[in-house]
Amino acid sequence: MRGRDILVPMSVTMDTLVSLCKRRGFVFQSSEIYGGTGSCYDYGPLGVELKQNIKRLLWRDFVQSRADMVGIDASILMHPTVWKASGHLDHFTDPMVDCRECKLRFRADHVDALPWTHYCPATKGNKFTIPAGEPCAHCGARRTLCPDCGKGQLTAPRQFNLMFKTFMGPVEEDASVAYLRPETAQAMFVNFDNVLQSMRMKLPFGIAQAGRSFRNEITPGNFIFRTREFEQMEIEYFVNPRDAVEGRPADEYWHDRWIADCMAWFRRYGLREENLKLREHDRDELSHYSKRTVDIDYRFPIGWSELMGIANRTDFDLKQHSKFSGKSLTYFDEERKEHVVPYVIEPAMGVDRALLAFMADAYVEEEVRGEKRVVLRFHPELAPVKVAVLPLLKKREEIVRAAHAIRADLAKQWRVVYDDTAAIGRLYRRQDEVGTPYCVTVDVQTVGDSEKGEAGDGKVTIRDRDSMAQARVPIDALPGVFHDLLGGGAWAQVAARLERQIQK
RNA sequence: GCGGCCGUAAUUCAGUGGCAGAAUGCCAGCUUCCCAAGCUGGACGUCGCCGGUUCGAAUCCGGUCGGCCGCUCCA
C-alpha cells in the first residue's frame, strides 16, 4: 500500500495480484499482443471458472432459493427511448462546461449565445448584464468567466458521452442510433409488466439479471476495478410503498433487509469483516432517482472503494417508463382496490469487483519450512478448481492409471485437474497458488506392488489446502467426502469423521 | 483532459551508444512415494509499436499505444 492507506496495511498489493492473475491464467490484458486495449481485460481459464462460480452462487442464493425472486436475461441493445426515460441520455450527449464557482453546467456551444454577467473594473466593479456575444461598453472586455455568476472560471469543454453509441443496421444514420446499456436495471423496469403477468407475481417480488454493461468512464483504471465494459448483477425488488412491515414503510424495511442480506453474502463466501463496511450516501451525492443509497465498501488494495450499491429508487423508473411508453406500469393492490406504482430497492453489484475482492481477501503468504507459500484461500464454492489428483510417482503405470480414473470420476461433478509434471511438493504449491482446496494423492500403497505380490488398499490421501493436513480414504468414498467438504463442511469435522469410520 | 514516472523472457528485474542478461518459473530425462529437494539437458525476446539521428540504438530524439501516480472528473 502507498500513501493514504498505511493505517491498515493490506496483505497484498495490486501489482502482486495482477502478476498472479496473468501468470496463473486468471486475467489477461485485452489484445495484449497488439499493445493492449485500454481498460479492457480478458478472463483466462481459471478466471472464467471463478467468475462463473460467483455468478452461480449469486443466482442460487438470491434467485433460485427464494420464492419471491425471478430472473431475466435481456438484450444489451434496447429501444433508444429507454435511455431518454431513464435520464441517461439527457445531460450527457453534448460537450459541457462547468463553472468552478457556482457549479452551473452549460452546453459549450451555447455559452457564447447567453447574455453574461460582468463586474466591470472600469466602473469600480459595477455589475452589468451584457447581451450575448457583445463586449462590455465600458472596458471593452469580452466574457471569459461564467455567464451566470460572472465570477467562476469555466472548465474546458467535456464530452459527457457516458454511453457507448452504435448503429442498428448497416447504415449509419441518426434514425438508427442505439446504445450499449450502461446498466442492466432498465430492462427489468421495462419488463416489469411482462414478468408480473406471466409469472403471476405478488408484491413484494424481485427481478434479477446478470450481464454486461458499458460506460465511457472518465477515469478507468485500477486493473479490473473500473473498466468501460463490465459485468453487473442487479436486482430490482418491487415493494408496495403503502404497505408497512414491522411498523415501517415497506420500501425502507426492505432496503435495510437487502443491505443486511448482501453483507451476509459477502461474509459467507470469505470476505473478512474488517475489510467490509457500509457507507451512507450524502444527500448531494444521491443519484437523481434515489431516495437513499448505501454502498458496501471493501478495502481493496487501492483503498476503500465501492463493491456494491443498494439504492431505493422509489417509483421514479416505473413512472418514467410509463410516461414515455404510454403503458400503465402499476400493480393492483387487491386489499385497497387501487393501482399503485411500486417502489423499487436496487441491490447492484459489480461482478468484476467482487472477483477482485474475493481474490484480494483470499491471498495470503505464509512461511513453511523457511520457504514462502502463496495460497489463495478461496471458499470451496468459489475455487476455480475443486480437486487436483496427483500421482506420487509418475513412473508407476498403475498409480497414473488410478489417478486418471479418479479424476475422470470426480470430474462428473466438479472441476478437477490432474498433474504429474513435478515432485509432489511443487504440485501442492501450484495448487495452493490457484486456491484449489483439496488434493488427492495416489501412492504405491493405493495400488499395491505386483512385484512383491502386495495388494493395494484402494485408499488415497486427501490433503487440505489451508492446514496442509492429510487424511486417508477409500477411493469409493471420495465423491461422498467431497460432497461434504465442497458443500461447506469443515475439514476438521469431516477428517475426524473419516478417522472414526476407518477405525471401525 | 493536464502533468510526472514507466514499458527488456511467463514473472520480478539488471543492462543508459558496440554480441540480449540474471533469478524464479516452464518443458524433457534421471532421481525421489508426501509439501517450491537434487542432477543433466532444453525452449522462451522484432527490448510495447512506428519513425528519426548514428558506421552502429534496448540505450539518444519525435510520435503512438499501454500501465502507474497526482490533478480534474465521476449523472
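Protein chains get the first letters and strands the later ones, always in sequence-line order, with residue 1 at the start of each. No hydrogens, no waters, no symmetry mates; every other heavy atom, side chains included, goes into these values.
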Exercise. Mind calculating the distance between CZ (A:R215) and P (B:A75) to the nearest angstrom?
Key: 10 Å
Quiz item: Counting distance only, does the side-chain N/O of A:N53 pair as donor-acceptor with the main-chain N or O of A:E49 below 3.5 Å?
Solution: yes
Practice problem: Determine which pairs satisfy ring-ring contact (aromatic ring centres under 6.0 Å, His included) with at least one residue from residues 391-410 of chain A, sequence neighbours left out, and list them in order. | Solution: A:H404-A:Y418
Quiz item: Is the backbone of A:K459 close enough, under 3.5 Å, to the side chain of A:R472 for a donor and an acceptor to pair up by distance?
Solution: yes
Practice problem: Please collect all ring-ring contact (aromatic ring centres under 6.0 Å, His included) contacts where either partner lies in residues 372-393 of chain A, sequence neighbours excluded, each pair once. | Solution: A:Y269-A:H379
Self-check item: B:C39 to B:U32 separation - P atoms, rounded to the nearest Å
Solution: 16 Å
Self-check item: B:A10 and B:C49, which share atom name P, separated by this distance in whole Å
Solution: 13 Å
Quiz item: Above 12 or not: heavy atoms from other molecules or residues under 6.0 Å from CD of A:E365?
Solution: yes
Practice problem: Give one of base, sugar-phosphate or nothing for A:F223, where a contact means two heavy atoms less than 4.0 Å apart. | Solution: sugar-phosphate
Quiz item: How about A:Q470: does its CD atom have over 12 heavy atoms from other parts shown lying under 6.0 Å from it?
Solution: yes
Quiz item: Can you check the A:H88 NE2 to B:C74 P distance for me, whole Å?
Solution: 15 Å
Quiz prompt | d(CD1, A:I33; C1', B:G45) in whole Å | solution = 15 Å
Exercise. Could you check which nucleotide pairs with B:A75 in any of the strands shown, counting Watson-Crick or G-U wobble with both distances under 3.5 Å?
Key: none
Quiz prompt | Distance between C1' atoms of B:G52 and B:G45 (Å, rounded) | solution = 24 Å
Self-check item: Protein-nucleotide distance (A:H281, atom NE2; B:C74, atom P), rounded to Å
Solution: 15 Å
Quiz item: B:G18 and B:U59: how far apart are their C1' atoms, nearest whole angstrom?
Solution: 11 Å
Exercise. Apply side-chain contact (heavy atoms from CB on, under 4.5 Å) to A:S467 and list each qualifying residue two or more places apart in sequence or on a separate chain.
Key: A:D464, A:A469, A:W491
Quiz item: Side chain of A:T219, base of B:C73: donor and acceptor closer than 3.5 Å?
Solution: yes
Quiz item: Is B:U16 in the syn or the anti form, by the rule that syn lies within 90° of 0?
Solution: syn
Self-check item: Residue-phosphate contact under 4.0 Å: A:N222 side-chain N/O, B:G67 OP1/OP2
Solution: no
Self-check item: Sugar-phosphate, base or nothing in reach of A:S39, heavy atoms under 4.0 Å
Solution: sugar-phosphate
Quiz item: With both distances kept under 3.5 Å, what pairs with B:C26, Watson-Crick or G-U wobble?
Solution: B:G42
Self-check item: A:E217 vs A:Y41, nearer the 5' end of RNA chain B by closest nucleotide
Solution: A:Y41
Quiz item: Does any nucleotide pair with B:C49 by Watson-Crick or G-U wobble geometry, both distances under 3.5 Å, and what is it?
Solution: B:G63
Practice problem: Specify the separation, in whole Å, of atom CD of A:E371 and atom P of B:U24. | Solution: 11 Å
Quiz item: In the 5'-to-3' direction, what one-character label does each nucleotide of nucleotides 26-35 of chain B receive under the scheme B = base within less than 4.0 Å of a protein heavy atom, S = sugar-phosphate only, - = no such atom?
Solution: SS--S-BBBB
Exercise. Indicate whether any N or O donor in one side chain lies under 3.5 Å from an N or O acceptor in the other, for A:E234 and A:T184.
Key: yes
Practice problem: Spell out protein contact along nucleotides 6-13 of chain B as letters: B when the base is contacted, S when just the sugar-phosphate is, - when no protein heavy atom is under 4.0 Å; keep the 5' to 3' order. | Solution: ----SSS-
Quiz item: For atom P, what is the distance between B:A20 and B:U16, given to the nearest Å?
Solution: 14 Å
Exercise. Using only heavy-atom distances, determine whether the side chains of A:Y41 and A:D352 contain a donor-acceptor pair under 3.5 Å.
Key: no
Quiz prompt | Nearest-angstrom distance from the residue atom CZ of A:R181 to C1' of B:A75 | solution = 19 Å
Practice problem: With sequence neighbours excluded, tell me which residues meet salt bridge (Lys or Arg N to Asp or Glu O under 4.0 Å) with A:K394. | Solution: none
Self-check item: Same-atom distance (P) from B:A22 to B:A14, integer angstrom
Solution: 16 Å
Quiz item: In the structure shown, which nucleotide is the Watson-Crick or G-U wobble counterpart of B:G17, with both distances under 3.5 Å?
Solution: none
Quiz item: Between B:G21 and B:C68, how far is it from one P atom to the other, in whole Å?
Solution: 32 Å
Exercise. Measure the distance from CD on A:E367 to P on B:A36 and round it to the nearest whole Å.
Key: 13 Å
Self-check item: Donor-acceptor side-chain pairing of A:T421 and A:R430 below 3.5 angstrom
Solution: yes
Quiz item: Given the P atoms of B:C2 and B:U12, what is the spacing between them in whole Å?
Solution: 29 Å
Practice problem: Could you check which nucleotide pairs with B:C68 in any of the strands shown, counting Watson-Crick or G-U wobble with both distances under 3.5 Å? | Solution: B:G4
